[in-house]
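Working notes for the structure below.
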Amino acid sequence: FIDKNLAGKALEIGCGIGETTKLLAEKYSKLMITAIDYDWGQIKRARKNKNLTNVKFQKGDATKSKFKNSSFDYVIETNTFHHIKNYSKAIKEVYRVVKKNGIFYAMDISKYIFVWPLRIFFPAESYFTKEEFTKNLENTGFKIEKSRGKLLFYVAARKV
């Protein structure tokens, strides 16, 4: 979905054990990635990837980070925001930490995936559709550049 060669500074939200981080780091060698996750155990596992020289893993909260305003050229989240109870607050935090003209790349799951009985075994903290998610981005100040998908969806939004 990311159709350009990324360089600069990126924040990855919800890196987990670092699998997506590793893919990003290998594909975009000129991108310095700060990868955060709320779960300290996940960060410890991710840090075992010693060969990633352009990545820094650290514990962090997507709804209130310690980063300065306009710190990153890009923010990336893959299947994370449905795990955040107040995902709207996380969107506001993304807006705060991304630079003007920076891009937020999001990939997430629509609430329509979480039908019964799946909802029982894999409950989400937040349920939203792509339309609700993109409306929230626009209300925060992002301009949607492209989006694709319905159940599993992708959105690229620029801070204007």
Side-chain angles (χ1 to χ4, degrees), residues 1-2 6-99 102-111 113-115 117-130 132-134 136-137 140-142 149 151-157 159:
F1 186 70
I2 300 173
L6 303 184
K9 291 175 64 180
L11 172 65
E12 182 192 12
I13 297 172
C15 65
I17 61 171
E19 292 301 316
T20 303
T21 315
K22 183 177 180 182
L23 293 171
L24 290 167
E26 289 171 350
K27 183 171 182 178
Y28 306 110
S29 60
K30 294 182 180 170
L31 188 65
M32 295 306 299
I33 303 168
T34 301
I36 64 169
D37 200 283
Y38 193 74
D39 184 333
W40 184 241
Q42 300 278 54
I43 293 298
K44 284 196 245 181
R45 287 183 64 194
R47 284 183 175 165
K48 291 181 179 176
N49 248 326
K50 301 282 189 223
N51 60 336
L52 300 177
T53 58
N54 58 333
V55 176
K56 179 172 59 172
F57 292 104
Q58 59 190 59
K59 188 175 186 311
D61 184 339
T63 63
K64 59 175 190 216
S65 70
K66 63 180 182 172
F67 305 112
K68 294 179 181 175
N69 294 349
S70 304
S71 296
F72 298 96
D73 301 293
Y74 310 97
V75 177
I76 301 165
E77 88 66 26
T78 52
N79 291 322
T80 299
F81 275 40
H82 67 271
H83 292 293
I84 301 172
K85 190 170 188 93
N86 190 346
Y87 87 95
S88 295
K89 189 174 179 184
I91 286 175
K92 288 181 176 104
E93 185 65 3
V94 169
Y95 189 83
R96 185 185 73 75
V97 301
V98 73
K99 293 177 182 177
I103 301 175
F104 176 35
Y105 291 103
M107 179 182 87
D108 222 304
I109 303 171
S110 170
K111 69 181 177 184
I113 289 284
F114 297 99
V115 294
L118 195 61
R119 191 176 278 203
I120 293 169
F121 298 109
F122 302 102
E125 297 293 320
S126 291
Y127 298 100
F128 46 79
T129 63
K130 179 178 79 170
E132 292 166 338
F133 189 83
T134 55
N136 201 319
L137 289 169
T140 303
F142 283 102
L151 299 179
L152 175 65
F153 64 84
Y154 306 85
V155 177
K159 179 178 180 177

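For the pair Asp73 and Lys99, the salt-bridge criterion is met [side-chain N within less than 4.0 Å of a carboxylate O].
Here Lys66 contributes atom NZ and Ser71 contributes atom OG; the two are 11.0 Å apart, rounded to the nearest 0.5 Å. Here the CD1 atom belonging to Ile36 is positioned 11.5 Å from the CD atom belonging to Glu77, to the nearest 0.5 angstrom. Gln58 CD to Leu11 CG: the interatomic distance, rounded to the nearest 0.5 Å, is 8.5 Å. To the nearest 0.5 angstrom, Lys68 atom NZ is 11.0 Å from Arg96 atom CZ. Rounded to the nearest 0.5 angstrom, Thr53 OG1 and Met32 CE are separated by 7.0 Å. Going from atom OG1 of Thr20 over to atom CD1 of Ile76 covers 9.5 Å, rounded to the nearest 0.5 Å.
Shortest non-hydrogen contact noted between Trp40 and Arg47 is CH2-NH1, 3.4 Å. In plain terms, the two heavy atoms of Ala7 and Leu31 that are nearest each other are C-CD1, 4.0 Å. Considering every non-hydrogen atom in both Ala156 and Phe1, the closest pair reads N-CE2, 3.6 Å. Arg119 and Tyr127 make their closest contact through CG-OH, 3.3 Å (heavy atoms, listed as atom of the first residue, atom of the second, distance). A pairwise comparison of heavy atoms in Cys15 and Ala35 identifies CB-CB, 3.7 Å as the closest pair.
Using a 4.5 Å cut-off on side-chain heavy atoms (C-beta onward), Phe142 and Val94 make contact. Residues Ile84 and Glu125 have side chains not in contact (no heavy-atom distance under 4.5 Å, counting atoms from C-beta outward). Residues Lys159 and Phe104 fail the side-chain proximity criterion, which asks for heavy atoms closer than 4.5 Å. Proximity of Tyr28 to Ile33: side-chain heavy atoms (C-beta onward) are nowhere separated by under 4.5 Å. In this structure, Tyr74 and Ile2 have side chains that are not in contact, with every pair of non-hydrogen atoms separated by 4.5 Å or more.
Without hydrogens or angle criteria, Thr80 side chain to Thr78 main chain gives a donor-acceptor distance under 3.5 Å. Listed for the Asp37 side chain is no donor-acceptor partner under 3.5 Å among the backbone atoms of Ile43. Here the side chain of Thr140 pairs no donor or acceptor atom with the backbone of Ile91 at under 3.5 angstrom.
Among Phe128, Tyr87, Phe81, the one residue that satisfies the side chain to side chain contact (heavy atoms under 4.5 Å, CB included) test with Asn136 is Tyr87.
In this structure, the side chain to side chain donor-acceptor pair (under 3.5 Å) partners of Asp108, at least two apart in sequence or on a different chain, are His82. In this structure, Tyr38 has no ring pair (Phe, Tyr, Trp, His ring centres under 6.0 Å) partners at least two apart in sequence or on a different chain.
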Does the side-chain hydrogen bond (donor to acceptor under 3.5 Å, both in side chains) test come out yes or no for Ser88 and Asn86, once each step is laid out? CA-CA 5 Å; Ser88 295; Asn86 190 346; 4.5 Å; no
*asked:* Apply side-chain contact (heavy atoms from CB on, under 4.5 Å) to residues Asn79 and Leu152 and explain how you reach the verdict.
replied: CA-CA 9 Å; Asn79 291 322; Leu152 175 65; 3.7 Å; yes
Test side-chain contact (heavy atoms from CB on, under 4.5 Å) applied to Thr34 and Phe72, step by step:
CA-CA 9 Å; Thr34 301; Phe72 298 96; 3.9 Å; yes
key: Leu24 vs Tyr105, side-chain contact (heavy atoms from CB on, under 4.5 Å): CA-CA, chis, key distance, verdict   = CA-CA 12 Å; Leu24 290 167; Tyr105 291 103; over 6 Å; no
side-chain contact (heavy atoms from CB on, under 4.5 Å) evaluation trace for Glu93 with Thr63: CA-CA 6 Å; Glu93 185 65 3; Thr63 63; 5.7 Å; no
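In this structure, Arg45 places its CZ atom where only 12 or fewer heavy-atom neighbours from other residues, nucleotides or ligands lie under 6.0 Å away. The number of heavy-atom neighbours closer than 6.0 Å to CZ of Phe122, taken from other residues, nucleotides and ligands shown, is 12 or below. Within 6.0 Å of NZ on Lys59 lie more than 12 heavy atoms contributed by other residues, nucleotides or ligands.
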